[in-house]
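Report on one structure; see the data block that follows.
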Amino acid sequence: MRFVIVTGMSGAGKSTALRTMEDMGYFCVDNLPVLLIEKFAEISRDQNFNYDRVAVGIDIRSGRKLDDLSLVLANLKNDNFTYEILFLDANDSELVKRFKETRREHPLTRGGRVEDGIAEERGRIAFLREIADYIVDTSGLLSRELKKEVSKILSAGKDYSNMIVSIVSFGYKNGIPRDADLVFDVRFLPNPYYVPELKSHTGNESCIQEYVMQTGEGDRFLEKLYGLLEFLIPQYVENEGKHQLVVAIGCTGGRHRSVTIANLIHERLQALPYSVRVFHRDIGMDTVLKGE
C-alpha cells in the first residue's frame, strides 16, 4: 500500500493535489486530526480496507496538535509503516496574492495581517519540509500544471526530482526576466527579421527554426548548452537546495531566435529527470523596433 501525507503552506495547492490524487484512485482524507493518523494508518493496513493507495492532508489547521506530528511519524516508522511526504510550497508574495484574490483569511491571521500568518506558519511547519520526500514550489504553476506535476511525482516515485526547470525566451529590448537564474544571448544566430517573408513568423514554426539553425552554429550552441545544464542542475539541487531554475534565452525582440533555441533546448532536457517547462515571454509583442 502507498500512504502519502500531503502537507505544506496554506494556499500552496494542497486541495488541488488531493483532488488530483483522488482522480488517480487514492482514498483521500483532508485535515485528519493528528492524533488519529496512527489509528487511520492501522486501519488502512487491514486486509479488509479496499484501497491500496491513500492520501492524508495535514496542515496548520491542526493547531497546536501539529507539534505532536513528529512523534506520530516516529511511531509509524518504529512500527515499520511506510509513508511518503509531499510538501507544497510557494513564495510569500505569491501566497499573499492568492489569499487576496480568494478573499479568504489565513488560518493563523485571526484578523491580523496575512503576511504575519504566513511567517508564523512557515516556521511551524519547517520540520515537515525538511523531512519531505517531494517538494513542489507552486509559485509559478497554474492548476493544470500542478496536477501534471503531482501525477508525475506519483508515477515516478523515488526517481522523481524536485527540480522544476523553466526555459524562458525573451527580447533584450523588453528587458531581461527579473527571475532569471541563467541568461544566454543568442543574437549571434541568423536573424529572420531581415527576411520579409519570414519576419511575421515566430520560432514556433519550422520555417524560422530552419533559418535560425542553417549555419550549424545553433546546433553547436545547443550541444554545449545542454552539457552545461546537465552538469549545473544537479549541483544546484545538491549544493544550493534549489527546487526551481529559470533559464532565460534572449535575442533582440524575443520572437525568432530565442524562441527557436528555447523550444529546442526544452526538447533536449526532456531526457533528464526533471520537470521542464518552456515559456515565450515576448513572442506576442509588437515588433516595432528594428532588429527583431
Please report the shortest heavy-atom distance between [X] and [Y], naming the atom on each side.
{"X": "Y83", "Y": "D133", "result": "O-OD2, 4.2 Å"}
{"X": "E145", "Y": "R277", "result": "OE1-NH1, 3.4 Å"}
{"X": "T20", "Y": "S151", "result": "CG2-OG, 3.7 Å"}
{"X": "A55", "Y": "L18", "result": "CB-CD2, 4.0 Å"}
{"X": "V259", "Y": "G254", "result": "CG2-O, 3.4 Å"}
{"X": "G203", "Y": "I208", "result": "CA-CG2, 3.8 Å"}

- Item | From CA spacing to verdict: side chain to side chain contact (heavy atoms under 4.5 Å, CB included), S10, F99 | CA-CA 9 Å; S10 301; F99 275 106; 3.9 Å; yes
- Task: For the pair L198 and Y211, evaluate side chain to side chain contact (heavy atoms under 4.5 Å, CB included) and give the outcome as yes or no after the intermediate values.
- Result: CA-CA 9 Å; L198 296 179; Y211 185 89; 3.7 Å; yes
Return the [atom1] to [atom2] distance between [X] and [Y], rounded to the nearest 0.5 Å.
{"X": "E42", "Y": "L76", "atom1": "CD", "atom2": "CG", "answer": "10.5 Å"}
{"X": "E84", "Y": "Y134", "atom1": "CD", "atom2": "OH", "answer": "3.5 Å"}
{"X": "S169", "Y": "I249", "atom1": "OG", "atom2": "CD1", "answer": "8.5 Å"}
{"X": "F188", "Y": "R257", "atom1": "CZ", "atom2": "CZ", "answer": "9.5 Å"}
{"X": "L222", "Y": "E217", "atom1": "CG", "atom2": "CD", "answer": "11.5 Å"}
{"X": "R255", "Y": "K199", "atom1": "CZ", "atom2": "NZ", "answer": "9.5 Å"}

Hey, is the main chain of [Y] close enough, under 3.5 Å, to the side chain of [X] for a donor-acceptor pair?
{"X": "Q244", "Y": "D137", "result": "yes"}
{"X": "R2", "Y": "L154", "result": "yes"}
{"X": "E205", "Y": "T202", "result": "yes"}
{"X": "T138", "Y": "D89", "result": "yes"}

- Of the options H266, E267, R268, which is the one that meets Q270 in a side-chain hydrogen bond (donor to acceptor under 3.5 Å, both in side chains)? H266
- Does OH belonging to Y51 count more than 12 external heavy atoms closer than 6.0 Å? no
- Parallel, tilted or perpendicular, as decided by the 30° and 60° cut-offs, for the rings of F40 and F3: tilted
- Message: With a 6.0 Å cut-off on the ring centroids, do Y172 and F170 count as close?
- Response: yes
- Identify the residue among L225, L264, V276, V247 that makes a side-chain contact (heavy atoms from CB on, under 4.5 Å) with L269.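 The passing option is V276.
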- Message: Between I58 and V6, does the side chain to side chain contact (heavy atoms under 4.5 Å, CB included) criterion hold? Intermediate values first, please.
- Response: CA-CA 6 Å; I58 301 293; V6 182; over 6 Å; no
Could you tell me if [Y] and [X] have a donor-acceptor pair between their side chains, going purely by distance under 3.5 Å?
{"X": "H280", "Y": "N263", "result": "yes"}
{"X": "T215", "Y": "R220", "result": "no"}
{"X": "S275", "Y": "E149", "result": "yes"}
{"X": "T7", "Y": "D59", "result": "no"}

- Can D219 and K224 be said to form a salt bridge (Lys or Arg N to Asp or Glu O under 4.0 Å), step by step? CA-CA 9 Å; D219 289 321; K224 293 180 182 297; over 6 Å; no
- Stepwise, does the side chain to side chain contact (heavy atoms under 4.5 Å, CB included) test hold for R45 with D79? CA-CA 12 Å; R45 243 187 338 196; D79 195 31; 2.6 Å; yes
- Task: Name all residues meeting the salt bridge (Lys or Arg N to Asp or Glu O under 4.0 Å) criterion together with D92; count only those two or more places apart in sequence or in a different chain, and write none if there are none.
- Result: R122
